[in-house]
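Worksheet: one structure, shown below.
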Amino acid sequence: MAKTYDYLFKLLLIGDSGVGKTSILFRFSEDAFNISFISTIGIDFKIRTIDLDGKKVKLQIWDTAGQERFRTITTAYYRGSMGIMLVYDVTNEKSFENIKNWIRNIEENASADVEKMILGNKCDLDAKRMVSKERGEQLAVEYQIKFVETSAKDSLNVESAFYTLARDIKAKMEKKQEASNPPSRSGAHPIKASDMQRKPASWLSRCSIL
Amino acid sequence: MHILFALKTLYHNLYLKKVPKIRIMADADIKTTVEETNKDYVEDGKNKLNVKCKFCSSKILDKQSANYITQEKQLPLMQQDNNREEGEIQTESVNEFYHVENMYTFENIGFTHSVDNYKYLSCADCDAGPVGYYDMNTKHSYVALSRVVHS
Ligand SMILES: Nc1nc2c(ncn2[C@@H]2O[C@H](COP(=O)(O)OP(=O)(O)O)[C@@H](O)[C@H]2O)c(=O)[nH]1
Ligand SMILES: [Mg+2]
Ligand SMILES: [Zn+2]
């Protein structure tokens, strides 16, 4: 069957237990469905289709099923993943400090060029906040990773964060593709008839300015 | 059961291979049921329209992307009765499905953790479900027509 999409990206949610990874994947709501059959079993992963600059991109987003408690996230789990959301809880200092450990874990186990992003989740809980936004930003600068504060509860910045991560992966891939076969030779930018017709005109006009 | 299956196969072969529609009058009973319930939704053995979540309209399948099949399966109810006995799972029998061979065919969908050899499918946007199931042996997915809407 013909492929009906342009890109497929496997993404992971990583971070300490309790920071809100499952809530980010599972729509955070107190409606009837959350006490349903699905919520008792839990979501393993989701497939989402998004449009990025005219390209159809499939995201396969995986939750960690409690392995994070024992830091037993190993090479097998990271295999094939192209993007990782590093999540901490802004009301939990330890979860923030552990981001560094998670980054080390990723460096040891995941592919070297995996794209990363840091999420400071539960930003709706301002009264309980322990980690300022500035500290999150500093950490991100230190590691040269993008950062945003989110609230899975209020669906704040969650969707846009996935778009950002996906866009960065796509840009990286396109850069690689271009490097391995330059556009002039690959024919990635075929000359359109309209371009050919326009060319003499622009050449003429340039000449006339000279 | 065998005859039913053979008819079903024939029905699909006819439509999938785009053979001009042949009316098999002798089998009118079965064919009519299948055709009448689904002529609005099924074309050439595939979903004619986009398949969406009943509750939030999230797009689950693009039109023409899945094959219509009939098979009898027990599927857990979307809303379990709060007064049911502990550990009990209420199910109902479902007969019509869209068969999706490659999971990346889905536009938006959730896969639950595994239960025996199955994962259940849920809406990626509102988590309503099960709207179908995924068979871990074959890696094929099945979406119940009765649990989704077409548009
Ligand atoms: N206020 C608030 N609570 C959240 C948020 N995200 C998750 N939680 C709560 O934090 C707890 C742990 O969330 P969970 O998603 O299970 O974390 P996980 O262990 O990382 O998967 C749950 O009680 C959630 O309801 C958020 O953005 N805001
Ligand atoms: Mg979790
Ligand atoms: Zn829905």
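Every value quoted in this text rests on a predicted model; they were computed, and no experiment measured them. Sequence lines set the chain letters: A, B, ... in the order given, protein chains first and strands last, and positions in each chain run from 1.
- At a threshold of 4.5 Å between non-hydrogen side-chain atoms, the residues A:Leu139 and A:Phe96 count as touching.
- The contact between B:Pro76 and chain A is made entirely by side chain atoms (from C-beta outward), counting heavy-atom distances below 4.5 Å.
- Looking at B:Asp62, only its side chain comes within 4.5 Å of chain A, counting heavy atoms on both sides.
- B:Glu72 is linked by a side chain to side chain donor-acceptor pair (under 3.5 Å) to B:Ser93, counting only residues two or more places apart in sequence or in another chain.
- Side-chain N or O atoms of A:Asn92 include one that pairs as donor or acceptor with a backbone N or O of A:Ser95 at under 3.5 Å.
- In the model, B:Ser151 has no side-chain atom that pairs as donor or acceptor with a side-chain atom of B:Asn50 under 3.5 Å.
- Looking at B:Leu77, only its backbone comes within 4.5 Å of chain A, counting heavy atoms on both sides.
- Sequence neighbours left out, the pairs with a member in residues 130-140 of chain A that pass side-chain hydrogen bond (donor to acceptor under 3.5 Å, both in side chains) are A:Glu93-A:Arg135.
- At a 4.5 Å heavy-atom cutoff, the contact between A:Phe45 and chain B is made by backbone and side-chain atoms alike.
- Side-chain polar atoms of B:Glu96 and B:Tyr41 form no donor-acceptor pair below 3.5 angstrom.
- For chain B, the nearby part of A:Leu8 is the side chain; its heavy atoms alone come within less than 4.5 Å.
- Per-residue counts of heavy-atom pairs under 4.5 Å with chain A were compared for B:Ser122, B:Cys123, B:Ser58; the largest is that of B:Ser122.
- Neither the backbone nor the side chain of B:Lys59 comes within contact range of chain A, judged by heavy atoms closer than 4.5 Å.
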